[in-house]
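Shown next, in structure tokens, is the structure this report addresses.
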Amino acid sequence: MTQRERYEDAKDRYAQVGIDTEAILSQIGKIPISLHCWQGDDVIGFDNDGGLTGGIQTTGNYPGKARTPEELFADMEKVLSLIPGTAKINVHANYAIFEEDGFVDRDKLEPRHFRKWVELAKKYNMGLDFNPTFFSHENAASGLTLSSPDEEIRQFWIAHGKACIRISQYFAQETGMPCVMNIWTGDGFKDIPADRMGPRMRYKDSIEQILSEPYDRSMVKPCIESKVFGIGVESYTVGSAEFALSFAATHEGCMPLMDNGHYHPTEVVSDKIPALLCFYPEFALHITRPVRWDSDHVVLFDDETKEMAKEIVRNDALERVYMALDYFDAGINRVSAWATGFRSWEKALLYAMCTPNKMLKELQDTNQFSKLMVMQEAAKMLPLEAVWDEYLAREGVVGDWEFYNEIEAYEKNVLLKRS
């Protein structure tokens, strides 16, 4: 049986439970997913020669890491050839590219330092998202940035945040697409603090000063990302979930951002998504895979990934949730990691869209819980693979069983030559 014949059979089977796969295939490829630049070089960036510091860590030493903007762009372009759908590029501020006038510190960054990122985005008709970088810097050595009691350091980081607002505005103007600007810091303490409120009040004031920088609210989407703890700040994190949600709820034009690795091990973001949809018009999501803690493993087509996608789809929130990938694994081929994670999230969205959500909701609302359980299990066995393969074929992207051949060839011809 050919791939097309398998799809036609699958289409008929899905139609029996009220699913129009043709409508789904015409929609899924238009959903923007932000591809993070930092997987390609282990979050190092281009503005410092030191290691990664400030509450995050990358492990592994797989050969072929990108060392220059040109190598990073080449790797990202290879990834774009291996993924279906609509990608954006998510850039961190430490990926500024210094050319004519040389290096400037983060408080002095300007749109021109990201011109090449705009050129790459325009080449593929993609949008750009942005992140201030509050780590891997001498002014983050104390563990506090926007919440620092040292006013000189705090003002440095406020200036950096304002510069990033201006760069986000530049991205939106140049691409014609909204730019999500995510504020995350690793601020906190290793051991029990004497003052929990003071740092949070300084953090609140700092973010308010950053957001006082003028920007087009229809095109620049600031958000606040929370975290439960980080390396070296195990006892107290300034930007907790309660802080981020409360700040976004009380400051017009600011969204919360949920990273599904940034909560206690027993918490799941899939349950938080519908809760936030009750109150927030829009919010952002960082999609990763935590293993025992916020370890940022490559996204897989696993249970929680599927559940997050289902909550977005079944609640008609595809246009309300800004989706971005966030992981960095240096122990495997980085191009493979990028593409695998992107394809996995696309699979999760397709799975969610091909689930008979209306029927299942009706069973729940009519208290038919025994039947609901049976039908939920039956839905797991619907022929998703044939629909996925058809999606890849229509997008002109290599299938799952041939996918790694492309990775091996790129590794041999490009990545291994770097070392």
Side-chain angles (χ1 to χ4, degrees), residues 36-39 41-45 47-48 50-59 90-95 105-107 130-150 153-161 164 181-193 195-207 210 222-245 247-248 256-265 267 284 286 288 290 292-297 324 326-328 330:
H36 55 310
C37 73
W38 49 92
Q39 166 58 50
D41 76 333
D42 310 337
V43 207
I44 298 302
D47 72 349
N48 75 93
L52 185 61
T53 63
I56 58 176
Q57 179 178 308
T58 304
T59 58
N90 205 1
V91 184
H92 241 292
N94 60 325
Y95 288 81
D105 212 341
R106 291 183 191 168
D107 61 330
F130 199 50
N131 308 261
T133 305
F134 297 101
F135 54 83
S136 298
H137 191 280
E138 60 183 8
N139 281 345
S142 71
L144 300 178
T145 60
L146 291 177
S147 66
S148 176
D150 184 322
I153 287 178
R154 190 169 76 97
Q155 288 301 322
F156 172 89
W157 290 114
I158 291 171
H160 173 58
C164 290
M181 195 198 91
N182 178 45
I183 296 173
W184 174 81
T185 76
D187 287 26
F189 296 109
K190 182 179 180 66
D191 219 324
I192 301 169
D195 176 13
R196 288 183 168 91
M197 185 173 175
R200 286 180 174 143
M201 291 303 295
R202 292 190 293 270
Y203 193 35
K204 176 177 178 288
D205 177 74
S206 296
I207 300 172
I210 290 170
C223 51
I224 309 298
E225 179 180 4
S226 64
K227 193 166 187 178
V228 67
F229 82 97
I231 300 170
V233 290
E234 291 84 1
S235 295
Y236 167 84
T237 300
V238 179
S240 64
E242 294 79 6
F243 179 93
L245 291 175
F247 187 97
L257 183 146
M258 294 188 295
D259 181 309
N260 64 297
H262 284 196
Y263 297 89
H264 293 283
E267 291 185 281
H286 271 188
T288 185
R292 300 187 184 274
W293 66 295
D294 179 35
S295 49
D296 288 299
H297 283 62
D326 181 13
Y327 50 82
F328 31 97

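Residue indices begin at 1 and follow the sequence shown. A quick note: this is a predicted structure, and the numbers were derived from the prediction, not measured.
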Full working for side chain to side chain contact (heavy atoms under 4.5 Å, CB included) between N131 and W38: CA-CA 11 Å; N131 308 261; W38 49 92; 3.7 Å; yes
Taking atom types as modelled, is there a side-chain donor on D42 or T58 under 3.5 Å from an acceptor on the other? no
Between D187 and S147, is there a side-chain donor-acceptor contact under 3.5 Å, judged purely by atom types and distance? yes
Are the side chain of [X] and the backbone of [Y] linked by a donor-acceptor contact shorter than 3.5 Å?
X    : Y    : value
Q155 : I153 : no
N94  : I44  : yes
T133 : A93  : yes

Please state whether the rings of [X] and [Y] are parallel, tilted or perpendicular, taking 30° and 60° as the class boundaries.
X    : Y    : result
Y236 : F189 : parallel
F156 : H137 : tilted
F247 : F243 : parallel

Looking at side-chain heavy atoms only, is the closest gap between [X] and [Y] below 4.5 Å?
X    : Y    : answer
E242 : S226 : no
P149 : R202 : yes
Y263 : V228 : no

Could you walk me through whether F135 and H92 satisfy the ring pair (Phe, Tyr, Trp, His ring centres under 6.0 Å) test, starting with their C-alpha distance in whole Å, then the side-chain angles of each, then the deciding distance to 0.1 Å, before giving a yes or no? CA-CA 11 Å; F135 54 83; H92 241 292; 5.3 Å; yes
F134 ring center within less than 6.0 Å of H160 ring center: yes
Once you round to the nearest 0.5 Å, how far does [atom1] of [X] lie from [atom2] of [Y]?
X    : Y    : atom1 : atom2 : value
Y95  : N90  : OH    : CG    : 11.0 Å
N139 : D105 : CG    : CG    : 7.0 Å
S235 : K190 : OG    : NZ    : 8.0 Å
D150 : W157 : CG    : CH2   : 12.5 Å
D205 : I210 : CG    : CD1   : 10.0 Å
S240 : H262 : OG    : NE2   : 13.0 Å

Looking at D47 and R106, does any basic side-chain N land under 4.0 Å from a carboxylate oxygen? yes
Out of the candidates D296, D326, N260, only one should pair with H286 under the side chain to side chain donor-acceptor pair (under 3.5 Å) rule; please name it. D326
With I224 as partner, the option from L245, I183, T185, N182 fulfilling side chain to side chain contact (heavy atoms under 4.5 Å, CB included) is I183
I need the minimum non-hydrogen distance between R292 and P265, along with the two atoms involved. O-CG, 4.1 Å
Between V238 and R200, the two heavy atoms sitting closest are O-NE, 2.9 Å
Going through the checks in order, is the side chain to side chain contact (heavy atoms under 4.5 Å, CB included) test met by I231 and W293? CA-CA 10 Å; I231 300 170; W293 66 295; 3.8 Å; yes
